[in-house]
Student: 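Dropping a structure here in C-alpha cells format, bear with me for questions.
Chain naming here is simple, since letters A, B, ... match the order of the sequence lines and numbering starts at 1 in each. Values below: all heavy atoms of this structure, side chains included; hydrogens, waters and symmetry mates excluded.
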Amino acid sequence: MAPSPTGDLHVGGARTALFTWLFARHHGGDFILRIEDTDRKRFVDESMQGIFEALRWLGLDWDEGPQVGGPYGPYIQSERLDLYQERAAWLVEHGHAYPCFCSPERLNEVRAAHRERGEPPGYDRHCRNLTLEQIAEYRAQGIEPVIRLKMPLEGTTSLTDLLRGEITWENRLLEDAVILKSDGYPTYHLAVVIDDHLMKISHVTRGEEWLPSSPLHVQLYEAFGWEPPIFAHPSVILKPDGKGKLSKRDGAVGVLEYKRNGYLPEALDNYLALLGWSSGDQEIFTREELIEKFDLADVNPSPSRFSFEKLLWMNQHYINHILTLEDLTQRCIPYLQQAGLVSDVAGDPSSAEHAYAQSVIALLKDRMKLLTEVVELTSFFFTEETEPYEPSLLVPKKTEPSAVGPALERVEAILTEADFDDEAAMQASLDELLAELGLKRGQLYMAIRVAVTGRTVSPGLFETMRVLGKERTLARIAAARAKLAAG
RNA sequence: GCCCCGUUCGUCUAGAGGCCUAGGACAUCACCCUUUCAAGGUGAAGAUCGCGGGUUCGAAUCCCGCACGGGGUACCA
C-alpha cells in the first residue's frame with residue numbers, strides 16, 4: 001500500500017488497500033505501508049496522519065511502514081532521495097538513461113505536433129543521443145536536466161496481471177519517460193521500482209490507472225537487472241452514473257468522511273470488498289471469512305459504480321442485525337455525549353447511565369441507518385420533558401378534537417395504576433379503554449405517542465413508556481392535557 | 001488522435017461449452033405483520049447475456065471484427 005499524501009484517503013484507494021491487505025493476510029504475508037511524497041507541489045501536510053487514521057479505522061494494520069518501522073525503512077520516500085539519485089546516476093552510467101535539457105515549451109510543441117499528425121504522443125527523444133560536449137554546453141547555461149529512461153525502440157514489453165492475464169505493449173509506442181525530475185526528486189516510476197525491489201515487495205496491487213505506465217516499470221526492472229513483482233490492477237471505482245471516476249463532486253469520497261457520517265468500518269469494508277469481488281451468493285462477511293475467501297485472482301477487472309444506496313443498506317444491516325446491542329451502545333455513546341444527552345459516566349459499561357442508554361438504543365436498533373442518527377432518534381429519552389410540539393399533533397386523523405383531552409385523562413388514570421414493566425398488561429388495560437371509548441387503536445395510541453414522545457414517529461408505544469418510566473410518562477401526558485386545554 | 005483495459009437485470013454481481021425456462025443482493029412495486037416509523041416475511045417486475053460473424057451436435061461461456069464504456073497520454077501520483 002503506497003498512498004500519496006495529497007489529501008484524504010479515497011474510497012477507491014481504500015478498496016485497493018483492502019484487497020491488498022486481505023490478500024496478504026490470506027497468504028500469511030506482510031502488508032507494507034509506504035508514503036509516496038515525491039510531488040512537493042501537491043503535498044498536503046496533515047494528510048499523512050489522515051491516511052494512517054483512515055487505515056487504522058478500517059482495520060488495515062500494517063506490518064512495516066511509518067509508525068511501526070521495519071527492516072527496509074525509511075518508509076517515506078522523501079527520506080530516501082539519495083537512493084533514487086544514486087540509482088538514476090547508475091542508469092545513466094550504464095547507458096539505460098540520459099539527461100534531457102528540453103524546455104517545457106519545446107515539450108508542449110512536440111506533443112501538439114505529434115498529436116496533429118495522428119502519431120503516438122510523447123517525447124521525440126531529442127536529447128537521447130547528446131554528445132558529451134553538448135551536455136557540457138547545456139550545463140554551462142545553468143539548465144538542470146531531468147533524467148529519462150531509454151525505452152527500447154523495437155520489440156514488445158509485457159506483464160502478466162493477476163486479474164487480467166498477459167498484457168503486451170509495442171515498445172515503439174512507449175516514450176522515454178522522466179524518472180528523475182530537475183529538482184532532484186524521482187518521479188513515481190523510479191521511486192516505486194527501486195523501493196519495491198529494495199523492500200522485497202512480492203505483489204503490487206494498484207488501480208487500473210497505473211496499467212499504462214506498467215511497461216515503463218517493467219523496463220526499469222529490466223535495466224536494473226531485477227526481477228519484477230507480480231502485478232494486479234483492479235479497476236477504478238466509477239461515479240454512480242458511470243460517467244468517469246468517483247470524485248469529490250459525487251459526495252463523500254474520503255474514508256474519514258464516512259467515519260464522521262456515522263458509518264461502521266466493518267460495513268464500509270464489507271461493501272468495498274463486494275465491489276468487484278464476490279463469493280457465491282454470500283453478501284455479508286466477517287473479517288475472518290473475508291480473509292479466508294478473498295483472492296485477488298477472483299477480482300472482476302471491469303470498472304464498477306459506487307452505490308451510496310447499497311452502502312447505506314449495508315451499514316443499516318450491520319447496525320440492525322450484526323452488531324451486538326452492547327457493541328452498538330458503545331459506539332453510540334460518544335455521539336450522545338457530544339450532544340450533551342448523557343454524561344461522561346455513560347462511557348463506563350457498569351454505570352446506570354450506560355445501562356439506561358443501552359435500553360434506549362435497544363428500541364432504536366432496527367430504525368438506525370447511521371450512528372449519527374442516534375441523537376435525533378433518542379433525544380426525548382434523555383430529557384425531562386418532550387421537545388416542543390404543535391398541540392394539533394395530539395389529535396389523530398379522523399378523530400374529534402374534543403375527545404382527545406378526556407381520553408388522555410382516562411389514560412393517565414389507568415397508567416397511574418399500571419405496572420410499567422409489564423407491557424402486555426399495559427396494552428390490555430388500554431385496549432379495554434379503546435373499546436369503551438369506541439376508538440381505533442391508531443387514534444388513541446397516536447395521541448399517547450405524541451404526548452409521551454412529542455413526535456408522531458417513535459418506537460413501539462409500550463416499550464417506549466416502559467423505558468421512560470412511569471413518572472416521566474405521566475408527567476408528559478399531564479403536560480399534553482394542559483396543552484390541549486390551553487389550545 | 002494514439003495506446004491499454006473492459007462489456008450478464010437500473011446498480012453490484014453468479015456463471016469458467018450442455019446443470020441457464022440465466023441465480024443472488026441493492027433499489028422499485030404489491031401483499032402480509034402492525035399503535036406510528038422501521039425491521040421482518042412472501043411475491044412481482046426487471047437481462048433477446050453490447051452488436052455482427054465464426055468454431056461446435058450445442059455458446060453468456062472459445063475465436064475474430066465492430067460498437068460502446070472506462071483508464072492513460074505531465075519534470076502528478
Student: When you get a sec, tell me which of B/rC75, B/rA39, B/rC76 is the closest nucleotide to the side chain of A/Val146?
Tutor: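 Per side-chain heavy atoms of A/Val146, the pick is B/rC75.
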Student: Which whole number of Å gives the distance between the P atom of B/rG23 and that of B/rA39?
Tutor: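 To the nearest whole Å, 26 Å.
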Student: Just name whichever nucleotide pairs with B/rA14, Watson-Crick or G-U, keeping both distances under 3.5 Å, else none.
Tutor: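 Partner of B/rA14: none.
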Student: With sugar-phosphate meaning primed atoms plus P, OP1 and OP2, does A/Lys243 contact a base, only sugar-phosphate, or nothing at under 4.0 Å between heavy atoms?
Tutor: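 Sugar-phosphate, no base atom in range.
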Student: In whole angstrom, give me the gap between the P atoms of B/rU7 and B/rA44.
Tutor: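 It works out to 30 Å between them.
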Student: Return the pairing partner of B/rU73 with a 3.5 Å limit on both distances, Watson-Crick or G-U wobble; otherwise return none.
Tutor: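 Checking every strand shown, B/rU73 finds its partner in B/rG1, with both distances under 3.5 Å.
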Student: Not counting sequence neighbours, which residues clear side chain to side chain contact (heavy atoms under 4.5 Å, CB included) with A/Leu256? List them please.
Tutor: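 With sequence neighbours excluded, A/Leu256 shows a side chain to side chain contact (heavy atoms under 4.5 Å, CB included) to A/Glu53, A/Ala54, A/Lys259, A/Arg260, given in chain and number order.
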Student: Watson-Crick or G-U wobble partner for B/rG6, using a 3.5 Å limit on both distances?
Tutor: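 WC or wobble partner is B/rC68.
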Student: Given the C1' atoms of B/rC62 and B/rG15, what is the spacing between them in whole Å?
Tutor: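 To the nearest whole Å, 15 Å.
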Student: Select one nucleotide: of B/rA39, B/rU35, B/rU7, the one nearest the side-chain heavy atoms of A/Gln316.
Tutor: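 Ranking B/rA39, B/rU35, B/rU7 by closest atom to the A/Gln316 side chain puts B/rA39 first.
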Student: Look at atom CD of A/Glu222 and say whether more than 12 heavy atoms of other residues, nucleotides or ligands are closer to it than 6.0 Å.
Tutor: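 Open: at most 12 neighbouring heavy atoms sit under 6.0 Å from CD of A/Glu222.
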Student: How many whole angstroms separate atom OH of A/Tyr123 from atom C1' of B/rC3?
Tutor: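 Taking atom C1' of B/rC3 as the reference, OH of A/Tyr123 is at 21 Å.
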Student: Can you check the distance between B/rG10 and B/rG54, where both ends of the measurement are the P atom (answer in whole Å)?
Tutor: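 So the two P atoms sit 29 Å from each other.
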Student: Looking for any heavy atom pair under 4.0 Å, which part of the strands does A/Pro3 touch: base, sugar-phosphate only, or nothing?
Tutor: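 It contacts nothing in the nucleic acid.
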Student: Indicate, with a heavy-atom threshold strictly under 4.0 Å, whether A/Ser304 touches base, sugar-phosphate, or nothing.
Tutor: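 It contacts sugar-phosphate atoms only.
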Student: Rounding to an integer number of angstrom, what distance separates B/rG52 and B/rA25 when you compare their C1' atoms?
Tutor: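 Their C1' atoms lie roughly 33 Å apart.
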Student: Rounded to the Å, how far apart are A/Leu274 CG and B/rU11 P?
Tutor: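 To the nearest whole Å, that distance equals 17 Å.
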Student: Report the nucleotide, chosen from B/rC4, B/rC75, B/rC76, that has the shortest atom-to-atom distance to any side-chain atom of A/Arg111.
Tutor: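 The nucleotide sitting nearest to the side chain is B/rC75.
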Student: To the nearest angstrom, how far is A/Tyr98 atom OH from B/rC75 atom C1'?
Tutor: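 After rounding, the reported distance stands at 13 Å.
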Student: Taking only residues two or more places apart in sequence or in another chain, which ones pass side chain to side chain contact (heavy atoms under 4.5 Å, CB included) with A/Arg481?
Tutor: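 With neighbours one apart ignored, the set is A/Leu408, A/Glu409, A/Glu412.
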Student: Summarise protein proximity over nucleotides 16-26 of chain B in one line of letters, 5' to 3': B for base, S for sugar-phosphate only, - for none, counting protein heavy atoms closer than 4.0 Å.
Tutor: -------BBBS
Student: Looking at B/rG6, B/rA77, B/rG70, which one has an atom nearest to any side-chain atom of A/Val236?
Tutor: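 The listed nucleotide nearest to A/Val236's side chain is B/rG70.
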Student: For atom C1', what is the distance between B/rU13 and B/rU8, given to the nearest Å?
Tutor: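 The answer is 9 Å between these two C1' atoms.
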Student: For the residue pair A/His96 and A/Trp90, does the interplanar ring angle fall in the parallel (under 30°), tilted (30 to 60°) or perpendicular (over 60°) class?
Tutor: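 Rings of A/His96 and A/Trp90: parallel, under 30°.
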Student: Could you check A/Gln219, A/Arg206, A/His189 and say which one makes a side chain to side chain donor-acceptor pair (under 3.5 Å) with A/Ser214?
Tutor: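 Exactly one option meets the side chain to side chain donor-acceptor pair (under 3.5 Å) with A/Ser214, and it is A/Arg206.
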Student: Which of these nucleotides, B/rC75, B/rC76, B/rC12, is closest to any side-chain atom of A/Ser182?
Tutor: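 That would be B/rC75.
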Student: Choosing from B/rA77, B/rU34, B/rU13, which nucleotide comes nearest the side chain of A/Arg42?
Tutor: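 For A/Arg42, the side-chain atoms sit closest to B/rA77.
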Student: Between A/Asp366 and A/Thr6, name the one whose nearest nucleotide on RNA chain B is closer to the 5' end.
Tutor: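 Nearest nucleotide further toward 5': that of A/Asp366.
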Student: By the 4.0 Å heavy-atom rule, please label A/Tyr271 as base, sugar-phosphate, or nothing.
Tutor: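 No contact.
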Student: Could A/Asp250 and A/Arg305 be called an ion pair, given the rule that one side-chain N must be under 4.0 Å from one carboxylate O?
Tutor: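 No, this pair does not count.
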Student: Hunt down the Watson-Crick or G-U wobble partner of B/rA27, both distances under 3.5 Å, from any strand shown, or write none.
Tutor: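 Checking every strand shown, B/rA27 finds no partner, since no pair has both distances under 3.5 Å.
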Student: Under a 3.5 Å cut-off for both contacts, is B/rA47 paired Watson-Crick or G-U wobble with anything, and if yes, with which nucleotide?
Tutor: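 Result: none.
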Student: Using heavy atoms to find the nearest nucleotide of RNA chain B for A/Ser213 and A/Glu170 separately, return the residue whose nucleotide is more 5′.
Tutor: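 With A/Ser213 and A/Glu170 compared, the 5'-side residue is A/Glu170.
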Student: In whole Å, measure the gap between the P atoms of B/rA59 and B/rA67 for me.
Tutor: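 Each nucleotide's P atom is 26 Å from the other's.
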